[in-house]
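A short write-up of the structure that comes next.
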Amino acid sequence: MVEAMRILKELNISPRRTIRIALWGGEEQGLYGSRGYAQHFLYDRAQAAKLPGYDQFVLYLNMDNGSGRFRGIYLEENDMAVPFFKTWMTPFEASGFTTLSPRRTGSTDHVAFNVLGLPAYQFIQDELEYNRTYHTLMDTYERLSLDDLRLNAAMVAWFALNAANDPARIPVKPGVLEKLQKVSD
């Protein structure tokens, strides 16, 4: 994500909307960083009310599965995102980025935004040695796939730039806010 921001800065592009990077703490302990951000800036669950940042939120992209190459994106059961990603992914199809999975995936920071109905997505990645080395003493620099990480950074930069400049926005999932308000009643 830091490299994606470096690419955008190097290109000296001024997008229509602000692009932010987030490096959360406490993901493994319960998504504390991302949930805290969502509670503070996007949606107050205790008051069952949107905060000003909610309507400004355009897209959240999450990478949390090691250094494997991106192969697609989980659409989180949001079919309204398909036309956006189909357009944005075109330059990367030759690299194997071809999958738009309709299903949800969990256990990572995009969930803190997705449960609010916001367009938040996790990339589908090559696992490499994920199940053998990730979160172990063998999770070290020499196991990184630098070529994959470079390509992934270019994809993140491209998707973020497209989302920031597109006059349209991936819609919020219908009915989610109403469900949240019923829960708080």
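A donor-acceptor pair is defined here as one N or O able to donate and one able to accept, closer than 3.5 Å; no such pair exists between the side chain of T98 and the backbone of E93. Proximity of a side-chain donor or acceptor of D166 to a complementary backbone N or O of N162 within less than 3.5 Å is not detected. Although no hydrogens or angles enter the test, the distance criterion places no donor-acceptor pair under 3.5 Å between the side chain of E3 and the main chain of A153. Side-chain atoms of N62 never come within 3.5 Å of backbone atoms of Y121 as a donor-acceptor pair (strictly under, hydrogens ignored). Here the side chain of K173 pairs a donor or acceptor atom with the backbone of E76 at under 3.5 angstrom. No donor-acceptor distance shorter than 3.5 angstrom exists from the side chain of D126 to the backbone of G68, with no hydrogens or angles considered.
Residue Y37 comes nearest to R20 through the heavy atom pair OH-NH1, 3.0 Å, listed as atom of the first residue, atom of the second, then distance. For L116 against L177, the heavy-atom pair with the smallest separation is O-CD2, 4.2 Å. Closest approach of L61 to V156, counting heavy atoms only: CD1-O, 4.3 Å. The minimum heavy-atom distance linking W158 with P91 is given by the pair NE1-CG, 3.7 Å. The minimum heavy-atom distance linking A120 with N114 is given by the pair O-ND2, 3.5 Å. Residue Q39 comes nearest to D44 through the heavy atom pair NE2-OD1, 3.3 Å, listed as atom of the first residue, atom of the second, then distance.
In the hydrophobic clustering of ILVMFWY residues, with side-chain heavy atoms under 4.5 Å counting as a link, L42 and L59 come out apart. Note: the hydrophobic cluster containing V58 also contains L75 (ILVMFWY, side chain heavy atoms under 4.5 Å, direct or indirect links). Placement of V111 and M63 in two distinct hydrophobic clusters is found when ILVMFWY residues are connected by side-chain heavy-atom separations under 4.5 Å, directly or transitively. One hydrophobic cluster, built from ILVMFWY side chains closer than 4.5 Å, holds both L31 and F41. Linking Ile, Leu, Val, Met, Phe, Trp and Tyr residues whenever their side-chain heavy atoms come within less than 4.5 Å leaves Y74 and L118 in two separate clusters.
P119 has its side chain out of reach of R169: every pair of non-hydrogen atoms, C-beta onward, lies at least 4.5 Å apart. Annotation: side chain of R150 is in contact with side chain of D147 (closest heavy-atom distance under 4.5 Å). Here the side chains of N152 and M1 are not in contact, with every heavy-atom distance at 4.5 Å or above. F97 places none of its side-chain heavy atoms less than 4.5 Å from the side chain of I124. Under the 4.5 Å side-chain criterion, counting only non-hydrogen atoms from C-beta, T99 is not in contact with I73. Between S67 and L144 there is a side-chain heavy-atom pair separated by less than 4.5 Å. The shortest distance between side-chain heavy atoms of Y43 and L51 does not fall below 4.5 Å. Side-chain contact between L146 and Y141: present, with at least one pair of heavy atoms (C-beta onward) separated by less than 4.5 Å.
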Derivation of the side-chain contact (heavy atoms from CB on, under 4.5 Å) call for V172 and Y54
CA-CA 10 Å; V172 170; Y54 190 94; 3.2 Å; yes
Take L128 and S145 through the test side-chain contact (heavy atoms from CB on, under 4.5 Å) and record every step on the way to the result.
CA-CA 9 Å; L128 301 180; S145 173; 4.0 Å; yes
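M155 CE to F92 CZ: the interatomic distance, rounded to the nearest 0.5 Å, is 6.0 Å. Note: E28 CD to D109 CG = 9.0 Å, rounded to the nearest 0.5 Å.
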Quick one: side chains of residues 80-90, donor-acceptor pairs under 3.5 Å with protein atoms, not counting sequence neighbours, listed by atom name and distance.
| residue | atom | partner | partner atom | Å |
| --- | --- | --- | --- | --- |
| T87 | OG1 | P83 | O | 3.1 |
| T90 | OG1 | K86 | O | 3.0 |
| T90 | OG1 | T87 | O | 3.3 |

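Contacts of R35 classified as salt bridge (charged side-chain N to carboxylate O under 4.0 Å, His left out), with partners at least two apart in sequence or in another chain: none.
The number of heavy-atom neighbours closer than 6.0 Å to CZ of R17, taken from other residues, nucleotides and ligands shown, is above 12. By the 6.0 Å contact criterion, CH2 on W24 is enclosed, its count of non-hydrogen atoms from other residues, nucleotides or ligands being greater than 12. Around CD of Q29, the count of heavy atoms belonging to other residues, nucleotides or ligands within 6.0 Å exceeds 12.
Side-chain contact annotation: D64 with Q122, donor-acceptor N/O pair under 3.5 Å absent.
Using the six-membered ring where Trp is involved, F159 and F123 have ring planes that are parallel, under 30° apart on the 30 and 60° scheme.
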